[in-house]
Structures are given as C-alpha cells and as structure tokens.
Amino acid sequence: MFRKALLMAVSLLVMGQASADASLLRLATTTSTANSGLMDLLLPKFTEKTSIEVHLIAVGTGKALRLGREGDVDIVLVHARAAEEAFVEAGYGIDRADVMYNDFIIVGPETDPAGTAKSNTVAEVLQRIHASEKPFISRGDDSGTHKRELILWQSASKSPHGSWYREVGQGMGKTLQIANEIDAYTMTDRGTWLAYESKLDIQLLFEGDPPLFNPYGIIAVNPERHPDVNYPGAIKLIKWMTSPAAQKMIGEFKIKGQQLFVPTAGNAS
Amino acid sequence: MDVLIASTAEAFRLLFSGNPEIWEIVGISFRVSSMAILAAVPPALVIAFALAYGSFPGRRFLISLFNTFLSVPAVVIGLTLFIILSRQGPMGDFKLLFTQTAMGLGQFFLCLPILVCMAHVALQAADRAAWETARTLGANRLRAFFTVLYEIRFGLMAALLAGYGRIISEVGASMMLGGNIAHYTRNIPTAIALETSKGAFAEGIALGIVLLFLAFVLNSLLQYVQGKGSINP
Amino acid sequence: MIENFHIGFRDISKSYGSILVLDQTEINITSHDCIVITGNNGAGKTTLLRIIAGLEKPGHCEISLDDASPEPWRRERKRLLKTVMYLHQQPYMFAGSLRRNIEYAARLNPALADRESSVQKAVSWAGLEGLESQSAASLSGGQKQRVALTRARLCHPQILLLDEPTANLDNESRERTLQMLHEFRDSGTAIVIATHDPGVFSDLATSKLHLQDHRIQADDIGAADVVELDSVRQSKKR
C-alpha cells in the first residue's frame, strides 16, 4: 500500500512536466519586458499562427543571457547591446536581430531641486544632480537598467559617490517607490514608469536624448553548442517578431494611451 | 491609504467576479503544492520512523541535520536545485528546469524537513508500547508502522498542515525553479511578486487574500487538530 | 488448545552500555507451565521478558525449540513475535473503542474462522459486554488489563508474558485476572509472570524462579534442582 502510494505520488508529480518537444519554445526575457504586457499580446498571436507554445521566463538581463548560455532556454530577448554582442561573439547565440527600442527617462521630485529640467542632454542632467548632491536612487542590482545608468554616469564624466547616491538593490518598481518616499531622482524605463506613475508624486523630468534609447535584440541559442534546443522554433519566433505584422503590433502597443516601443526591425544589423 | 483601500476593493471584485487568470494561478499553486507534499509524506514518515525507533550510527547526526534544514532559506534550496537541474547540471538531461516538476521538487525539499521533524517529535511523544503491542500481537513491521501512524494521526496532521503552509506561500524557490511562466508555473506567491513589480497592486492583494484565507483555514485546522490530540491522550 | 512444546532460552546475556543486566543465564518454558519470576527492582525481570517476547535484542541468546538444535535469537525473532505475547505493566490501548482494540488482535490471527463471533465470544469471556463502543483510553486499569488479555486470547499465544499484572489492581480485578490466566494455562499456553507479589499466584504457579546477580535461580518451594522441577511439571500435565 505504501509502495503504491509512493509510486502514485511520483507519477503524478512527473505528469506535470512539459514534454520538451518542437511545439514548446522557452524564451528568456527581462522582467521589465514581461511586465510591460507587450509579450502577452504578441505571443498568443505567434502560438496561433505556428502552434508553438512559448514559455516566457522573466529574469534579469544577466540571468537571461546566462540561461541561454547554459542551454536552459531556446531563445532570449534582452536589451543590453554590448552584452548581446559578446554573447554572439562567444558563440552562445546566433541569428541576432533588432526588434524594437524603448527609452529610459529621468524622474524626480516635482520641485526639481537640482534644476535638471533645464538640461539639453542626459549627461547634463546627471552633472546637475551630481553638483547639487540631491538624492539619487540607483537600482544597484546589476540589471540592464543599472548597467545603462552607470554608462550614462561615465559619459557624463562623473563618478557617483557620496551619501546622496543610494544603491538599493531592488527591482524598478520598488526603486521608484523608494525614490518617491524620499524625494529623490532616479532613472527608469518608461514601461514601469507608466504602470506606477499614478501612484507616485515624483514627475517625469527629462526624456528623449538618444543615449537613453534602449534597443531590444532577439537571439537564438546556438544549436551547435546545445543540440537539444528548439532551434527551428527559435528561428520562427525571430522571423515573426521582425515581420511587418508583429512590428505593427509593437508600434501600436500602448499603455495609458502612450506608445512604449518603437519597432526597428530591418533598420539595423 | 487611498491606494490600499482602492486596491483592496478592486481585489475583492477580481476574486468574486471569477477572474479566470487569478483562479488559474490559485489552481496551479494548489496542484503543485499538493503533489509536492503527497510525494514528501511517505519518505518523511519512513525517515521519521527510522529516527525515532531505529538505532544506527549517525542517527543523532541525522536528527540535527534535519533540524538544521528547517531553517535553510528557500532560495538556497532553490539555487541548489537550479544548479542541479540546469542543462549543464548533473540532472540536466531530464530537462526539468522551468517546469512544474522542478517547482514541485523545490517544494518537496522544503516541506520534507518539516514533515520529518514534526513526525519525529510526534513519534517520540507516542508510547513505544503502541509499536510493541502491535508487534507482539503478531503484526508485521509494515502493519505496526501504520498502527503507530494512526495512533499519532493528530501530530501527523499538524505536520502536514505546517508543511503545506510553508510551501504554498513560498516564493524564492518557486520563482527560480519554475520561472514564473504564465499559465504553467505561475503560482500565487510568484504572481504576487510579479504583480507588485508591475505596480498592479489589486491583483497582488487579491492573491494575497487567497493566501491569507488559506493560512487562516490551515491554522484553524491546526488548532482543531492539536486540541483534539490533547483530549485523546 | 495449544500443542505441547518445550522451548529453551540459553546463554542469555544483556547489558545496557556498561551495566550488566543478564549474564549467561537460561530459562526453559513448556506448555502448561506457569513460571513466576521474582527479583528486586532493576534485577532484569522486564528485560528478560522482552527478550523472550522478541521485542528487545539480547547481547547473546540461543533458542532451542523442542529437540531441535539451538538457533541464535536473531533468527528466531520473527517466530517469537508471532507465538509469544507480552503484556506491558500498563497495557497499551489503541486509539478508538474497546471493540476496535479487540478486533485489531482478531484481524492479526488468520486462523480465526469466524472473526465476528470470535470477537463477541472473547468479549463476553472477559466480561466486557456493554463496553464495546466505549473509548478504550477511558477504561479503568482492571478493564484495560482484561482488554489486553482478551487481545492475547485471540492470538492463541504459546507463551504469555506478564509484567507485574496485578500491581495497581483492586481485589475484584485481581481475581478476574487470575481466573483468566487459569484458563490460558488450561488451554496449554505457558505463562511467565514477573512480579513482586508471588503470593497472589500461588495457586497458578508451577515453578518459581528468582532473578539475582544477573542470573535466574530456582526459588524456595523445596529449592529444587532442575530435574525435580521437571518432574513437577510432568505431573501437572494432563
């Protein structure tokens, strides 16, 4: 009786396992991408057309690339151009394609004590914050957004140190809430900002400078390194994401009436 | 405060309007956690039994080991299993990462120490004469084992409820091993984490209410069971 | 009826850590025997009974059944558990009703033809009618003792071991217990009783042993040697 119960329990547990076949594709992407809701719109259409079910795994940029490198997923969609290129260079991924971009923005207290709103470039914004030593919240979690923020500081020729610069090691939503509580500046992706905006007192202060643009690339995991990945499925998804139909949906995707992503397929490498 | 009230009101509306997505998440949570605990109960009982009645070298060490496992953070178990189940890990060929099975495995290892330790305590509290009486009446080991389990059923129920309480609300290991895949490995805790990070507080609160309600039911059952155990010494 | 048997436990040794309890002692048990064992607290009476019951592992012990060559205890353990019945000083009552306790024993004896009526008969044998649905845990000490004896009865043990069976019993319960033990013995079951109060069992006893200095010694009633005891035994057999 005991043995039977054990057998049953084990077989029941294993039944829940997905069969790793050609009709299943595992896509690792960043949390902010998944949270935007865009994929909830795009992926069902893809499944409808190809009968390939996509399991979307939302993690940080670094983790997403790592999952691809280890062969735990079939395809990745991330926004970290330099890391993506290194990923392809090292032979972990192939068939990289540009899909779209969104942008980062600088938000902060309505009173704008550092006077950032008068800036023409994002470098100038950061220089003003640095000079005024008004509080700035950094993600501090080595995420794509965090990496981008550090690059921007670098190109502004400032190194952010001091009690005014606070690394919180949290996700974007939490970071925005913290910035709101202590009247601080921070840099955020537009998607998270739109989701949180209505619950926050801090305001959008600066946007639109090209260094703030955030291009997304889609990369298939190299089947030569991991022969059991669903490479044909990955190719289909890349083709579809860069197709005019999907690109049109990306351009028309709106949160609270605002466009979030700009389709770019065919424009770049 | 306004946010809290508005979100809570919206949460109740979501729950009682039969929002299919929310109830699907609830269903996945219950299914995976129930499977995990069902799978964990038989080995836990055998281990607890060996620890309580057996005499073999390393018994004391094992007891301390399981007690230590009680306080191992879920993410540590999650990370360990992640490395083992990853395609490059020793069990990579089974392709279990980001499946319900992986999530269930994580929960299995989370509730196993609770079940073992609580069953062990219940067995220790039980009269050894129960086992001996069954044996001397001619019951074989298996029969006597089930007899003793019946004698301590209230303690075992308490162990079951405590174990279930831990895994149904656990987020770290589930997130890491299941990947929070919509309609597949998105359970209540990972969905709450996701909805909160999206700023969708109402959905988070709605799921939180389900968990809260569940915790209440589990605790009430636990109180009832423990009360029952004391009436019937 | 129990078929005649003779079983010898030889070279019994047992120690708990560095504390020696039994030292190369022996005991012979034959059907229809009623052996009363006395000894000081801690002399090892309970340990001896539990070794005979197959419940406690001895340091050393060999067992010979009838005229077969001796076998180590370990290999005989299963048979001991099947054929020897040990009654704790405070009988353990399983959760649930008196009836469940007795049915539990009945289910373990595959030889019982009609379980239902056997249980009914056993209950009335023990004078426990009307208490069947009562929770076993709520019974009095004497009633629990009778439940334990009823369970034993349904198992038809070759050997019945009792650990201080009359301690904490009132007179009436003691009489009933003795009455029941008589019936066990008459059916061929050998009885071994560890007690501080051997007088209670003087009508029942066929031999008296005393446990002292880690060994079993023949006790008073003529301080007989083994040969004489055996002859007493023969005469009591019918």
Side-chain angles (χ1 to χ4, degrees), chain B residues 45 48-61 118-119 121-161 221-222 224-233, chain C residues 16-17 46 49-57 77-97 100-112 122 135-138 144-145 147-163:
Chain B
L45 290 179
F49 219 79
L51 293 180
Y53 285 104
S55 54
F56 52 89
R59 193 180 68 96
R60 280 171 180 283
F61 171 75
M118 287 188 68
V121 168
L123 279 167
Q124 277 184 322
D127 197 337
R128 207 189 169 92
W131 167 261
E132 291 177 352
T133 303
R135 288 291 271 159
T136 195
L137 282 166
N140 61 25
R141 279 161 190 277
L142 193 64
R143 182 73 186 255
F145 174 71
F146 281 113
T147 301
V148 173
L149 292 188
Y150 184 74
E151 296 295 303
I152 60 162
R153 60 196 180 284
F154 297 117
L156 293 182
M157 275 299 290
L160 208 65
L161 294 171
L221 277 174
L222 204 62
Y224 173 75
V225 157
Q226 279 169 345
K228 198 128 183 162
S230 67
I231 290 165
N232 210 346
Chain C
Y16 294 108
T46 299
L49 294 191
R50 290 164 58 86
I51 289 172
I52 296 173
L55 291 175
E56 189 153 334
K57 210 191 299 181
R77 180 179 200 175
K78 235 181 185 154
R79 214 170 48 75
L80 293 177
L81 285 167
K82 282 261 179 245
T83 58
V84 183
M85 175 76 212
Y86 173 77
L87 257 67
H88 290 84
Q89 184 170 352
Q90 260 134 25
Y92 185 83
M93 294 292 115
F94 294 119
S97 65
R100 174 175 179 261
N101 269 272
I102 290 174
E103 277 175 345
Y104 183 90
R107 264 197 289 272
L108 288 170
N109 184 352
L112 284 183
S135 159
S138 69
K144 282 180 184 169
Q145 175 81 271
V147 171
L149 284 167
T150 311
R151 286 192 305 217
R153 174 88 169 176
L154 286 164
C155 291
H156 293 302
Q158 287 187 335
I159 304 175
L160 177 63
L161 309 170
L162 298 106
D163 200 348

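All values below were derived from every heavy atom in this structure, side-chain atoms included, with hydrogens, water molecules and symmetry-related copies excluded. So that the names make sense, note that chain A is the first sequence line, chain B the second, and so on, each numbered from 1.
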Counting heavy-atom pairs under 4.5 angstrom with chain C, the leader among B/Thr133, B/Val148, B/Asp127 is B/Thr133
From the list C/Met85, C/Lys82, C/His88, C/Arg151, side-chain contact (heavy atoms from CB on, under 4.5 Å) with B/Thr136 holds only for C/Met85
Quiz prompt | Exam field: side chain B/Glu132 to backbone C/Leu55, donor-acceptor pair closer than 3.5 Å | solution = no
Distance col, row B/Asn140:CG vs C/Lys78:NZ, nearest 0.5 angstrom, shows 8.0 Å
Exercise. Kindly indicate whether the side chain of B/Leu137, heavy atoms from C-beta on, has any atom under 4.5 Å from the side chain of C/Phe94.
Key: yes
Interatomic distance, CZ@B/Arg141 vs CG@C/Leu81, rounded to 0.5 Å, equals 8.5 Å
Worksheet entry | Neighbour count above 12 (heavy atom, 6.0 Å) for C/Tyr16 OH | yes
_For the residue pair B/Thr147 / C/Tyr104, report whether a side-chain donor-acceptor contact shorter than 3.5 Å exists._
yes
query: Has C/Gln90 got more than 12 heavy atoms of other residues, nucleotides or ligands less than 6.0 Å from its CD?
result: no
TODO: Answer whether the closest heavy-atom distance between the side chains of B/Glu151 and C/Tyr92 falls below 4.5 Å.
DONE: yes
Close side-chain approach of B/Arg143 and C/Leu108, heavy atoms under 4.5 Å: yes
